[in-house]
Amino acid sequence: FSGYFDMNNVHIKIPRESIFNSTFMYYMQNMLSPYNRWIVTFVDKLGQVEQGVDAGGLYKEFMYKLSEEAFSSKLGFFEESETGLLLPTRDSLHAGKDYNYSATYEFLGFIVAKAICDDIKIFPNFSPIFLNNCLEIENSFIDLKTYDPDLYKSLVTLKTYEGNVENDLGLYFSLTIEKNGKNVTFELIDGGNNIPVTNENRLSYIKKVTDYYLTFQFKEAVENFRIGMSKVINMDILRLYSGEELRQIIYGFDKDVFSV
C-alpha cells in the first residue's frame, strides 16, 4: 500500500481484503492526519485499482467498513455485553492477540473520533458504560443492570438480605476472574481474600464489585482509547455529553426509537 499528502488532502490506497491492517499501518507511520481530508482509493483482491473518484461516498464506505472490521468479534478487541452493546474484551488473552494492545486501542479511539468530526455514523454500538469511562463519568450501581443483569440481581439480593450475611453467604472481598485463559483471584481490597462480607460492610463490598466490573477491568483499554480520541478532538468538548448521548452521536439512534 502507499499514501501521500497533497495540499490539504491525504491520499491512501486500501486493499479491500485488508482494510483494517492497511489503515492501521498508515496510522503507525503517521500518515493519517486527523485534520486533513482523506481521499480513499480501493484496491481489489487482484491488486487492481478500482475506478472512481472519491467525492465523499468512498470515504464514508471506507469508514464504515473499517469500523465494522475493527470492532468485530473476529479481531477480538471488543465484545458484546449481555444487552448486545460493545465493551472492551475482558480477557486480555483474546484481545487482539496478533496486535499491539495499547497501540490498537489508541488507533480505534482515533478512528471513532475522526468519524465524529466528519459526522459519519459508523458500526460500533458502544455501551454507555464504556463511553462513560472514556468521558471520565463515574458509572453507578444501576448501570450494572445493563452490564450483567444476573450479577445486578445477586447484589440487590445481598443489599436487602435480612439474615446473617457472613454466616449464610460466605462471601469475601475478592472475585474469581478469568485472565489469560485461567481463573485467578482478584482482591477488591488489600487482604480481601481473608476479609468476610458482613451486614456492616456489605455496601462497601457492593461498591467495590461495581467499580471493578464497570470501570477497573476496562482501565487500560479506556486510557489508550482516550489517547487516540484526544488526537482528534478536545476531550473537554466531548465531556459536555453523557455516555448515552455520545453513543447516539457515534452510532445514530436505534431503529426502534422511530417505530410506531
| field | Contacts of N201 that satisfy side chain to side chain donor-acceptor pair (under 3.5 Å) - sequence neighbours left out | value | T198
Which donor-acceptor pairs under 3.5 Å do the side chains of residues 220-229 make with protein atoms, sequence neighbours left out?
| residue | atom | partner | partner atom | Å |
| --- | --- | --- | --- | --- |
| N224 | ND2 | E220 | O | 2.9 |
| R226 | NE | C134 | O | 3.0 |
| R226 | NH2 | N133 | O | 2.7 |

| In terms of side-chain heavy atoms, does N199 have a donor or acceptor partner in Y161 at a distance below 3.5 Å? | no
| request: Sequence neighbours left out, what pairs pass salt bridge (charged side-chain N to carboxylate O under 4.0 Å, His left out) with at least one residue falling in residues 228-238? | output: E106-K231, D236-R239
| task | Please find out if less than 6.0 Å separates the ring center of Y99 from that of F20. | result | yes
| query | Which pairs count as salt bridge (charged side-chain N to carboxylate O under 4.0 Å, His left out) when at least one residue sits in residues 137-163, sequence neighbours excluded? | reply | E138-K207
| request: Scan residues 184-200 for pairs that pass salt bridge (charged side-chain N to carboxylate O under 4.0 Å, His left out), counting only residues two or more places apart or in two chains. | output: none
| message | Regarding E68 and K74, does a basic nitrogen lie under 4.0 Å from an acidic carboxylate oxygen? | response | no
| request: Can you sort out the partners of S18 under side chain to side chain donor-acceptor pair (under 3.5 Å), two or more places apart, ordered by chain and number? | output: S22
| request: Decide if the gap between the ring center of Y147 and the ring center of Y152 is smaller than 6.0 angstrom. | output: no
| said: Could you check whether N36 and N9, counting side-chain N and O atoms only, form a donor-acceptor pair closer than 3.5 Å? | reply: no
| task | Describe, in one word, how the ring planes of F107 and Y27 are oriented to each other, choosing from parallel (under 30°), tilted (30 to 60°) and perpendicular (over 60°). | result | tilted
